[in-house]
Amino acid sequence: SAAPHAAAGAAGRWQRMASRHPWPVAGVFVVLPALAAGTTIAVLPAADSGPTAVTITRSECAPGWTSATAGTHTFTVHNQSGMPGEINLDDASGDIEAEIETIGPGTSAELTATLVSGTYVFRCFMGSQQGTASEPIQVTGTANASVASPASTNPLASSPSAVKPVTVADLAGPNEQYQAYAAGQLAALAQAVTRIRADLRGDDVAAAREDWLAAQLDWERVGASYDSFGPLGLAVDGLPDGYPGGVNDEHFTGLHRLEYGLWHGQSAAALLSVAATLARDVAAVQENLTSAALAGDPTNLPIRTHEILEDALRDHLSGIDNQGGGAAFAMTYADTQVTQAVLGYLTPLLNARQPGLPAIAGSQLAILQQALLATQVDGQWESLGTASLSACEQVDAAIDAVLETLDAVPDLLEVPPTH
């Protein structure tokens with residue numbers, strides 16, 4: 001049985017996920033956006049020069065920074081503004097060379113960047129006030145440190161460190177493409193729920209199970225991740241966690257409530273009302289799909305590119321969301337399909353900032369899909385508990401690889417603050 005492996009694998013995966021996320025240290029969150037596995041915008045090699053102190057006040061951004069030479073520099077940023085904020089080091093074209101995404105008031109954090117000949121400026125976005133900037137500093141000479149380690153075998157490691165800023169307008173077109181795609185998946189979901197209701201009225205639980213899986217996969221292909229669709233999404237796909245009555249709580253609704261009933265001996269007649277509620281909630285998501293509260297904000301699209309599969313890792317491949325159907329691999333496969341779609345919409349923007357990343361991610365997605373398909377036996381999906389250890393390990397390795405690559409997307413396509 002692969003069940004012990006699933007439990008151990010989940011713990012290992014969570015450790016690896018934790019290593020890719022910012023965590024608070026002395027009240028400071030320092031986020032250095034990843035360009036690829038092992039490479040970041042603000043790289044952390046040994047600096048060519050010692051740390052340079054930079055001070056942020058309520059009215060000024062790095063007023064004491066007056067000169068710099070080419071090479072790798074580490075800046076110790078002291079936030080004396082009394083507000084939390086974001087600090088960017090930009091080049092003359094406005095590309096972000098390095099950043100501290102959040103620094104708390106009265107705290108310090110380090111920012112490391114490799115500077116080449118050109119003009120650089122610090123930009124500070126503190127609290128809700130207007131952004132401020134340092135005086136532009138002209139750097140001359142040649143850097144003797146490489147942004148990427150010469151020994152790196154990562155195919156993206158030789159890419160430039162600066163990131164061309166993205167605007168909301170840049171993301172509007174891709175987001176419209178995604179909206180149209182998601183609307184089609186929701187239409188398919190609504191049809192699947194209609195079939196489930198017909199199955200239940202006919203007292204055909206076996207057919208209802210098959211149509212439940214179709215409906216669940218349609219929902220996965222919508223691309224909701226990390227509760228991105230808010231209360232409506234939770235109504236469609238929420239879990240019983242946190243409800244006083246658990247799986248029997250009246251507030252536990254949706255696809256997983258239906259899954260629980262279908263695999264725990266509840267009668268077709270008893271599940272008719274569950275399916276009717278699901279149909280109404282799916283219709284509500286369809287009606288509100290383009291609202292900013294759901295998927296209407298274009299700046300959410302780059303985040304979705306990474307979080308869809310991270311959501312699959314968190315919930316599906318750990319077994320957390322299994323209510324009896326055992327569809328972890330099938331749901332994860334559907335998640336790879338929507339990830340491919342979203343990645344495709346963003347490919348022109350990504351290639352302009354990190355050439356080759358979409359192609360590498362696409363290849364890794366194909367490997368993950370093959371690993372997932374290998375969990376099928378006679379065309380039927382195995383569960384986490386019945387799949388072979390080898391098959392589970394192949395899926396683990398493949399999803400880790402693609403997540404490492406996609407982790408760069410939200411930072412590469414982040415819209416800078418405008419306040």
Side-chain angles (χ1 to χ4, degrees), residues 33 94-96 163-193 215-237 281-312 331 333-362 365-366 369 402 405-419:
D95 293 353
I96 301 171
V163 179
K164 183 178 178 61
V166 178
T167 67
V168 174
D170 291 332
L171 294 170
N175 194 59
E176 289 176 1
Q177 292 177 292
Y178 165 71
Q179 293 283 337
Y181 167 88
Q185 299 304 314
L186 285 170
L189 170 59
Q191 293 171 1
V193 173
Q216 183 68 53
L217 299 188
D218 287 332
W219 173 254
E220 297 298 328
R221 284 188 287 264
V222 171
S225 57
Y226 278 74
D227 303 335
S228 57
F229 283 6
L232 287 176
L234 290 174
V236 172
D237 195 52
D281 290 335
V282 170
V285 175
Q286 288 179 288
E287 182 179 352
N288 292 277
L289 177 62
T290 58
S291 68
L294 294 191
D297 183 355
T299 63
N300 287 334
L301 197 62
I303 300 172
R304 193 182 304 276
T305 311
H306 177 260
E307 286 192 345
I308 290 170
L309 283 180
E310 192 170 68
D311 198 56
M331 291 189 291
Y333 187 87
D335 291 331
T336 67
Q337 293 175 306
V338 62
T339 299
Q340 282 179 315
V342 176
L343 183 65
Y345 305 144
L346 295 174
T347 286
L349 293 175
L350 288 169
N351 274 333
R353 291 157 179 82
Q354 187 70 32
L357 185 150
I360 291 172
L365 280 168
Q369 288 178 331
V402 72
T405 299
L406 293 178
D407 190 46
V409 173
D411 294 315
L412 289 169
L413 301 185
E414 179 185 18
V415 176
T418 56
H419 61 266

query: Hey, what do you get for CD (Q354) to CG (N351), rounding to the nearest 0.5 Å?
result: 9.5 Å
statement: Smallest heavy-atom separation, T299 atom then D297 atom, equals OG1-OD1, 2.8 Å
query: Are any side-chain N or O atoms of D411 and backbone N or O atoms of A408, one a donor and one an acceptor, separated by less than 3.5 Å?
result: no
Closest approach of P302 to L413 (non-hydrogen atoms, all atoms of both residues): CG-CB, 3.6 Å
message: Can you tell me how far apart CD (E220) and CG (L189) are? Round to the nearest 0.5 Å.
response: 10.5 Å
field: Main-chain N/O of G233 paired to D237 side chain as donor or acceptor, under 3.5 Å
entry: no
- request: Quick one: closest heavy-atom pair of P348 and G344, and the distance?
  value: CD-O, 4.0 Å
- request: Could you please spell out the steps behind the side chain to side chain contact (heavy atoms under 4.5 Å, CB included) verdict for Q179 and L289?
  value: CA-CA 7 Å; Q179 293 283 337; L289 177 62; 3.4 Å; yes
Distance-minimising heavy-atom pair for P358 and L350: CG-CB, 3.7 Å
Any V402 side-chain heavy atom under 4.5 Å of T339 side chain: no
- request: Please answer whether the main-chain N or O of V342 pairs with a side-chain N or O of R304 as donor and acceptor at a distance below 3.5 Å.
  value: no
- request: Mind listing the closest non-hydrogen atom pair of D335 and A312 along with its distance?
  value: OD2-CB, 3.3 Å
message: List the residues meeting salt bridge (charged side-chain N to carboxylate O under 4.0 Å, His left out) with D218, not counting sequence neighbours, and say none if there are none.
response: R221
field: For P174, side chain to side chain contact (heavy atoms under 4.5 Å, CB included) partners two or more places apart
entry: Q177, L301, Y345, L346, L349
query: Got a second to check how far L217's CG is from Q337's CD, nearest 0.5 Å?
result: 8.0 Å
field: side chain to side chain donor-acceptor pair (under 3.5 Å) against T347, all qualifying residues, sequence neighbours excluded
entry: none
message: Holding to side chain to side chain contact (heavy atoms under 4.5 Å, CB included), I want the full list of residues that pass it with A361, two or more places apart in sequence or in another chain.
response: L343, T405, L406
field: Derivation of the side chain to side chain contact (heavy atoms under 4.5 Å, CB included) call for V168 and L171
entry: CA-CA 5 Å; V168 174; L171 294 170; 5.8 Å; no
- prompt: Could you go step by step and tell me if L357 and L412 meet the side chain to side chain contact (heavy atoms under 4.5 Å, CB included) rule?
  reply: CA-CA 11 Å; L357 185 150; L412 289 169; 3.8 Å; yes
field: All side chain to side chain contact (heavy atoms under 4.5 Å, CB included) counterparts of V222, not counting sequence neighbours
entry: Y178, A182, Q185, L186, W219, F229
field: D170 vs T167 side-chain heavy atoms within contact, under 4.5 Å
entry: yes
Atom pair CD/CG of E307 and D407 - distance to nearest 0.5 Å: 10.0 Å
Contacts of type side chain to side chain contact (heavy atoms under 4.5 Å, CB included), residue Q340, not counting sequence neighbours: L365, Q369
- request: Taking all non-hydrogen atoms of both residues into account, name the closest pair between D311 and A224 and its distance.
  value: OD2-O, 4.3 Å
